[in-house]
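Only one structure is covered here, and it is reproduced in the block below.
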Amino acid sequence: MRLFVALPLATEIRRMLARHTERVRPSLPAARWLPSENLHLTLRFLGEVEATELDAARKALARAVEGRTGFDLALGEPGRFPRRGPPRVLWIGVEAGTALFELQSAISSALEEALDLEQERRAYHPHVTLGRCRDLWRRSDAELWTNETFAGTGESFGVTYVDLMESRLSPAGATHDRVDRLPLEPMC
C-alpha cells in the first residue's frame, strides 16, 4: 500500500482552487492538473507500507493525534518546486501557525518510529499541490504562475480531521482513498 497522511480540505476550498486552475490553464503550458477530489495538505508521505504494518501505522497515528485540538489554516500565495529552474510541481501555500507544525512533527516522529521509516530530511513546507508540469516550462511561464493572484488567497478553513490515505497510481493519474480518519478535539 502506498500511504500518506493528510489534512482534508473542505469541499468549497477544493472547488475554489479547481475553478482558479481552470481559469489560468489556458495561459500556461501543458500540466497535469489534479482533480479537486485529490486536493489535500500532506503531513507525511509514507510510501510503500506492507499491509501487515497497517495496524501499527494506525496506532502510531492515533497516538500522535490524541488530545490535539483542531485549528484554522489559510491559503497563501502560489509557488512551485523547484524554486529555481523549470518547475515540476505547482502549488498554493498554506499559512500556518505552530499547531500545524507541531502536529506534523508529532505524526512524522510517531510513524518513523512505528514503521522504521527514514527521517524526513527536508523542512516541512505546507502547501496544496495543484499540478505537475509535463514539459519544461519557460521562465516566463513559471513567473506567470507565481505572479498570478489567486481569487481565494487568504481564504481560511478549519482543520478537524487527520486522514490516513492510500494512493493508487495509474496511467490516468492517482486516485486517493481514505484508509482511516482521526478526529481532532473541537476548537473552543
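Not measured: the values here are computed from a predicted model.
More than 12 heavy atoms of other residues, nucleotides or ligands shown are found within 6.0 angstrom of CZ on Arg181. Heavy atoms of other residues, nucleotides or ligands lying less than 6.0 angstrom from CD of Glu120 number more than 12. Other residues, nucleotides and ligands contribute over 12 non-hydrogen atoms within 6.0 Å of the CD atom of Glu37.
Following chains of ILVMFWY side-chain contacts shorter than 4.5 Å, one cannot reach Val49 starting from Phe45, and the two form parts of different hydrophobic clusters. Residues Leu46 and Leu103 share a hydrophobic cluster, clusters being chains of Ile/Leu/Val/Met/Phe/Trp/Tyr side chains in contact below 4.5 Å. A single hydrophobic cluster is not seen to contain both Tyr161 and Leu43; linkage of ILVMFWY side chains at heavy-atom distances under 4.5 Å, directly or through other members, places them apart. Connection of Leu184 to Leu182 is established within a shared hydrophobic cluster, with ILVMFWY side chains joined at heavy-atom distances below 4.5 Å, either directly or through further cluster members. When hydrophobic clusters are built by joining Ile, Leu, Val, Met, Phe, Trp and Tyr residues whose side-chain heavy atoms come closer than 4.5 Å, directly or via intermediates, Val89 is not grouped with Met165.
Screening Asn38, Leu34, Val24, Leu39 against Leu130 for a side chain to side chain contact (heavy atoms under 4.5 Å, CB included) leaves a single residue, Leu39.
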Could you go through the side chain to side chain contact (heavy atoms under 4.5 Å, CB included) check for Val94 and Leu7 one step at a time? CA-CA 12 Å; Val94 175; Leu7 297 178; over 6 Å; no
With side chain to side chain contact (heavy atoms under 4.5 Å, CB included) as the test, would you mind laying out the steps for Thr129 and Phe81 before giving the verdict? CA-CA 10 Å; Thr129 298; Phe81 293 133; over 6 Å; no
For a salt bridge (Lys or Arg N to Asp or Glu O under 4.0 Å) check, start with the C-alpha distance between Glu22 and Arg19, then their side-chain angles and the critical distance, and finish with the verdict. CA-CA 5 Å; Glu22 284 295 320; Arg19 281 192 307 273; over 6 Å; no
With side chain to side chain contact (heavy atoms under 4.5 Å, CB included) as the test, would you mind laying out the steps for Arg23 and His20 before giving the verdict? CA-CA 5 Å; Arg23 185 175 61 80; His20 177 73; 2.8 Å; yes
Can you check side chain to side chain contact (heavy atoms under 4.5 Å, CB included) on Phe4 and His176, steps first, answer last? CA-CA 10 Å; Phe4 65 94; His176 299 156; 3.9 Å; yes
Start with the C-alpha gap between Asp55 and Arg58, add the side-chain angles, then the distance that decides, and say whether salt bridge (Lys or Arg N to Asp or Glu O under 4.0 Å) holds. CA-CA 5 Å; Asp55 192 48; Arg58 283 181 160 144; 5.7 Å; no
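A 4.5 Å side-chain heavy-atom check between Leu17 and Leu9 finds at least one atom pair inside the cut-off. A 4.5 Å side-chain heavy-atom check between Val162 and Arg68 finds every atom pair outside the cut-off. Between Thr21 and Leu90, the closest side-chain pair of non-hydrogen atoms is not below 4.5 Å. You'll find the side chain of Pro126 reaches within 4.5 Å of the side chain of Leu41, heavy atoms only. Looking at heavy atoms from C-beta onward, Asp163 lies out of side-chain contact with His40 at the 4.5 angstrom threshold. Leu54 places a side-chain heavy atom less than 4.5 Å from the side chain of Leu164. By the 4.5 Å heavy-atom criterion applied to side chains, Asp141 and Pro29 are counted as neighbours.
The two residues Leu115 and Ala56 come nearest to each other via the heavy atoms CD2-CB, 4.2 Å. Residue Ala114 comes nearest to Arg63 through the heavy atom pair CB-NH2, 4.5 Å, listed as atom of the first residue, atom of the second, then distance. Nearest heavy-atom pair across Ala64 and Ala110 is CB-CB, 3.9 Å. Heavy-atom minimum distance, Thr69 versus Phe71: O-CD2, 3.5 Å. Among all heavy-atom pairs drawn from Gly158 and Met187, the shortest one is CA-CE, 4.2 Å. Between Ser156 and Ile13, the closest heavy-atom pair is O-CD1, 4.2 Å.
Put simply, CG on Asp116 and CD on Glu53 are 8.5 Å apart, with the number rounded to the nearest 0.5 Å. Here the straight-line distance linking atom CG of Asp180 with atom CD of Glu166 works out to 13.0 Å at 0.5 Å rounding. Here the CZ-CH2 distance, from Arg25 to Trp33, works out to 7.5 Å after rounding to the nearest 0.5 Å. For the atom pair CG (Leu75) and CE (Met16), the distance works out to 5.0 Å, reported to the nearest 0.5 Å.
Side-chain N/O atoms of Ser108 and Gln104 include a donor and acceptor closer than 3.5 Å. Under 3.5 Å, the side chains of Arg15 and Ser36 contain no donor-acceptor pair of N or O atoms.
For the pair Ser105 (side chain) and Phe101 (backbone), a donor-acceptor distance under 3.5 Å is absent. Between the side chain of Trp137 and the main chain of Ala30, a donor-acceptor pair closer than 3.5 Å is present. No donor-acceptor pair under 3.5 Å is formed between the side chain of Trp91 and the backbone N or O of Pro78.
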